[in-house]
Amino acid sequence: MMRAVMKGKLVVVTGANSGIGKETARGLAAMGATLIMACRNLEKAAPVRDAISEETGNAGVSVMHVDLASLESIRTFAHEFARAYTCLDVLINNAGTFSSTRQETEDGFEKTMGTNHLGPFLLTHLLLPFLIEAPAARIVNVSSGAAFFGKIHLDDLQMTKSYGMAGFRAYAASKLANVLFTQELAQRLEGTRTTVNAVHPGVVST
């Protein structure tokens, strides 16, 4: 049953077909939000959308494709969003990845940093004009306590010299980047109706 405290609010949640993103989407749908599940795999996302709609009685749940490891995909998502909507109330940058071996995105970035930070960074900036239009918008960046162990080596941003510790170095650095981005964006948005926060959701089995 819906508790309509979010009725009339448009929310984008990335990576909403599994794990933390799925439960976040479920909770927001239960509160009556108009929800866009921004997901990489549409085949996996569709049944999750249907289940959330049926469980919550919220017909305003949809799926849009975005791959945060692809700058082209992010730009396409933003373009399609702009064709359909004029403002956005909440953006939750949840999607992320962890890789035990070094990989690269299609744009040539180290994949963990590319997916966990560079992708959400671009998506946020492309959607920022729509967030600013909302009466009181919120940006939530899902980071991690791993950020406390993160170090960003400017002379090795691509981590070609040392990937380290079965991927944890890259993951921790990407989560630190989330926090630093959040702090800087919060300062830049000071005085506006848009706030930005980073969260550590705790240890979960996903």
Side-chain angles (χ1 to χ4, degrees), residues 12-21 24 37-42 44-45 64-82 91-129 131 139-189 196-206:
V12 170
V13 182
T14 65
N17 61 291
S18 64
I20 296 170
T24 300
M37 299 169 56
C39 302
R40 180 173 59 87
N41 190 318
L42 297 184
K44 291 183 178 180
M64 289 179 64
H65 178 264
V66 68
D67 182 354
L68 292 174
S70 165
L71 301 186
E72 179 181 5
S73 176
I74 295 166
R75 292 189 174 102
T76 297
F77 174 90
H79 177 73
E80 293 178 352
F81 181 92
L91 170 62
I92 301 179
N93 288 311
N94 162 77
T97 190
F98 184 104
S99 177
S100 59
T101 59
R102 187 185 182 280
Q103 301 176 45
E104 292 187 355
T105 69
E106 66 179 45
D107 301 288
F109 300 120
E110 187 279 315
K111 189 173 183 179
T112 302
M113 183 65 78
T115 304
N116 293 359
H117 173 61
L118 299 179
F121 179 95
L122 176 61
L123 179 65
T124 300
H125 279 281
L126 292 177
L127 295 181
L128 197 55
L131 289 154
I139 301 168
V140 180
N141 297 320
V142 179
S143 183
S144 167
F148 290 107
F149 303 95
K151 293 182 180 180
I152 298 175
H153 298 279
L154 298 180
D155 62 341
D156 190 25
L157 288 174
Q158 291 283 58
M159 299 194 180
T160 56
K161 297 178 181 179
S162 172
Y163 195 66
M165 294 182 63
F168 183 76
R169 177 192 167 202
Y171 182 77
S174 73
K175 291 296 147 180
L176 175 59
N178 292 159
V179 173
L180 296 176
F181 169 51
T182 300
Q183 292 176 335
E184 177 63 24
L185 185 58
Q187 292 181 16
R188 296 191 181 204
L189 293 175
V196 53
N197 291 277
V199 299
H200 167 52
V203 178
V204 295
S205 57
T206 66

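In this text the structure is predicted, and so the values were computed from the model without any measurement. Because only heavy atoms are used, hydrogens play no part in the values below, and waters and symmetry mates are left out as well, while side chains stay in.
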Q: Tell me, with the steps shown, if Glu104 and Lys111 meet side-chain contact (heavy atoms from CB on, under 4.5 Å).
A: CA-CA 4 Å; Glu104 292 187 355; Lys111 189 173 183 179; 5.8 Å; no
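- Partners of Lys151 under the salt bridge (Lys or Arg N to Asp or Glu O under 4.0 Å) rule, at least two apart in sequence or in another chain, do not exist in this structure.
- Side chain of Ser73 to main chain of Ser70: no donor-acceptor pair is present (N/O by atom type, distance under 3.5 Å, no hydrogens or angles).
- Although no hydrogens or angles enter the test, the distance criterion places no donor-acceptor pair under 3.5 Å between the side chain of Arg102 and the main chain of Glu110.
- For the residue pair Asn141/Asn93, the side-chain donor-acceptor check at 3.5 Å is satisfied.
- With hydrogens and angles disregarded, no donor-acceptor distance shorter than 3.5 Å links the side chain of Asp67 to the backbone of Ile74.
- For the atom pair Thr124 OG1 and Leu91 CG, the distance stands at 5.0 Å (nearest 0.5 Å).
- Note that the OG atom of Ser174 and the NE2 atom of His117 stand 9.0 Å from one another [nearest 0.5 Å].
- Applying the salt bridge (Lys or Arg N to Asp or Glu O under 4.0 Å) criterion to Glu80, with sequence neighbours excluded, gives no partner residue.
- A donor-acceptor contact shorter than 3.5 Å links the side chain of Lys175 to the backbone of Val142.
- Shown are Asn94, Thr24, Ile92; of these, the side-chain contact (heavy atoms from CB on, under 4.5 Å) with Thr14 is made only by Asn94.
- Between the side chain of Gln158 and the backbone N or O of Gly108 there is at least one donor-acceptor pair closer than 3.5 Å.
- Applying the salt bridge (Lys or Arg N to Asp or Glu O under 4.0 Å) criterion to Glu106, with sequence neighbours excluded, gives no partner residue.
- Using a distance-only test at 3.5 Å, with no hydrogens or angles considered, a donor-acceptor pair links the side chain of Asp156 to the main chain of Thr160.
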